[in-house]
Peer 1: 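Mind having a look at this structure? Questions to follow.
In this text the structure is predicted, and so the values were computed from the model without any measurement. Counting starts at 1 for both ligands and their atoms, in listed order. What's counted below: heavy atoms across the whole structure, side chains too, no hydrogens, waters or symmetry copies. By convention here, the first residue in the shown sequence is residue 1.
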Amino acid sequence: MTETLPRFEDILEIVSGYNPECDEDLLRRAYVYSAMAHRGQVRVSGEPYLVHPLEVARTLAEMHLDDVAIATGLLHDLLEDTWVSEEELEEQFGEHITGLVKALTKITTMEQSYAARAAAQAENVRRMLLASIDDVRVILVKLADRLHNMRTLGYLHEEARRRIAAETMEIYAPIAHRLGMGRMKAELEDLALSYQHPEEFRRLTDQLRQRETVAAALIAEIRSMITTLLEENSIGAEVRGRIKHLHSIWTKLRRQGIGLERVYDFLAFRLIVDTVPHCYAALGLIHQLWRPVPGRIKDYIAMPKPNAYQSLHTSVIGPEGQPFEVQIRTRDMDEIAERGIAAHWLYKEGKEPSQDAERVSWLRGLVEGHQENPRDFLNSLKLNLYPEEVYTFTPKGEVFAFARGATPIDFAYRVHTEVGHHCVGARINGKLVPLRTALGNGDIVEILTSPNQVPSRDWLEIAATARAQNKIRAWLNRGEKEQAVEAGKKLLERECRKIGVSLKQLREDERLPQIAAEHGYGKEEDLLAAIGFGRISLRDLLAPLVRTRPVTPVPSPRGRAAAVPEGSVIMVKGQSDLLTYRAQCCNPLPGDEIVGYITRGKGVAVHAANCPNVRKLLFTAEREVEVEWGGVTGAFSVPLHVAFEDTPGMLAAISQAANGENANIRSCHLSTNEGQLGTADLVVDVDGRGHLEKLLVVLRRLAGVTSVEPSVTTQARQLRVL
Ligand code: MN
């Protein structure tokens, strides 16, 4: 396997063959710089290291890639294996090429993480790799790099051979397939097979060699039959016959448990014709000559594979009664089948635009950043195969996949529910970050926990995955359930009193467990919680009792102030001891028209009748209750958002104005923006709607104040999830 040093001039000749406008100077500089940086280094084979970047560049030239890709190929190992620094590389070759080389170096890091893991993670690693690369040339250089390493893998020791071959099989051959690169995939698979199963590979190669003469005669015979047939029907075609590649034969032998006696099975013919109608015409002719095998006719022209592969496939029973495969396609389709994504770099001028558009259309589905000109489009190609996903590592190298937008909270719950509940912070790539930080591809995430930490409602907004949100909600609900049981018990007691039934009696009569069971609750506690959450109607629940018991009216508690924490002034009509609180979305004040809404476990929320949330909330009409102001004066806090020109003394002026109106400022949060505009978030105490309106007028009149509005607190948003 000794290689001669490939000549740079040969590579240049290939490139100028398909791209006469190539930047020869750039390629030459990359070659010279690489030769200098790798000077004195040798590969395990004993050859000068420079052989490797040159071979990679040659493969890229054979793929007909552009100058940038080939230069990157020449320079791809510099940051990893030589003294060259990022700064120096950037100085010599600019930001763009340096960025590509850096991306290639990053892949090596991912490979090292993968090496430490089980093959079960292969799919995730493939996706992470593709998702984290935003220029398709990076992956093409990587494939060329891998191809040369695989070709020279024999020099490494057994363990490394097997590991790298497995990685090629699990990661790189599937990526080549995903990108439609049939030829690259086949060669990687054959090479991997030769290292993973050396004995079988050798035996198979020997067997094929023994049958070579027979196979060659068969190929020639069938080929000439096909050629004659097509000529008679005036269809111009190139007919190729070949033995399938080793890995596909090996897979077939394994799957069918057969031997290699039936050499026909391993022959495949390919007809390259001019037009799509000729494809179908040729298929018809082939089927007239030889009988097709049922179920083996595939029309990938009408229905291309996801990687854009197009062809007609059929298997027919050949001259000696043995089946073989025939593929029929146009030259364009063949080009794409062999070279995949690499077939989309176009250099020839004067192509039909529609044809170009067609060729790149599938690619547009895979990438972001559309340009009209196909050339520009490819030059700024952004590979974005998995835009919705993000792949991260645990510190031990395990890969976790998330929806994009996921945060350390999601990661923590992915590790373990308890880790989630006690999560206090996170390190991403060794750096402490806020819990809101969105995870990025390839991030190594470490979760910090504290036994004192518990989930909070805010986390529901930070978490992006359903799994984390459900766990957080479940935890929060556990706390709420206790409150709901309390509230439910009170509601039930009151309702019982109203109809003259004692709850105690109900329990003693075994009626309560019966009622609970009738409504599908096994335990009294669950029934009470359901009442507290407002999930069942007390009226319905107690209706059977009303019919059987005499109704004793309960004296109306109207006029008595409820014992509520805030202001003690809102009363639920007809009920004296229900907890009420002012909804923070609208902060109703005495003087406002109000409605009450029984919340799950928190008592009665009192909204202004015109609050937009009311319409949304009150779809459960059963949970609406009438409320009224109790006529007791008190202090009601209202959050205000004040914007002003940031001049000295503004805050003093605001607080003076509030004082003048007898409105106490409870808290103030001030922020200014470079001496331009300032904002203050105040919480002021007022005694009612009239008082607030007066205060607003005074504040709005202050010189320098641009706006004053009652604001909605963040808690208000939570009403929707209650
Ligand atoms: Mn390399």
Peer 1: Among the N, O or S atoms of D145, which one sits nearest to the Mn ion (ligand 1)?
Peer 2: OD1
Peer 1: Is the Mn ion (ligand 1) under 2.8 Å from any N, O or S atom of D81?
Peer 2: no
Peer 1: Inspect the contact between D334 and R240 and indicate whether a charged nitrogen and a carboxylate oxygen are less than 4.0 angstrom apart.
Peer 2: yes
Peer 1: Please name the atom of H76, restricted to N, O or S, that is closest to the Mn ion (ligand 1).
Peer 2: NE2
Peer 1: Looking at the Mn ion (ligand 1), is there an N, O or S atom belonging to D77 that lies under 2.8 Å away from it?
Peer 2: yes
Peer 1: Is E24 salt-bridged to R28, going by a charged N under 4.0 Å from an acidic O?
Peer 2: yes
Peer 1: Once the angle between the rings of Y18 and H64 is folded into 0 to 90°, is it parallel (under 30°), tilted (30 to 60°) or perpendicular (over 60°)?
Peer 2: parallel
Peer 1: Output yes if H52 passes the N/O/S-under-2.8 Å test against the Mn ion (ligand 1); output no otherwise.
Peer 2: yes
Peer 1: Do F400 and F393 have ring centres separated by under 6.0 Å?
Peer 2: no
Peer 1: Quick one: are the ring centres of H197 and H247 less than 6.0 Å apart?
Peer 2: no
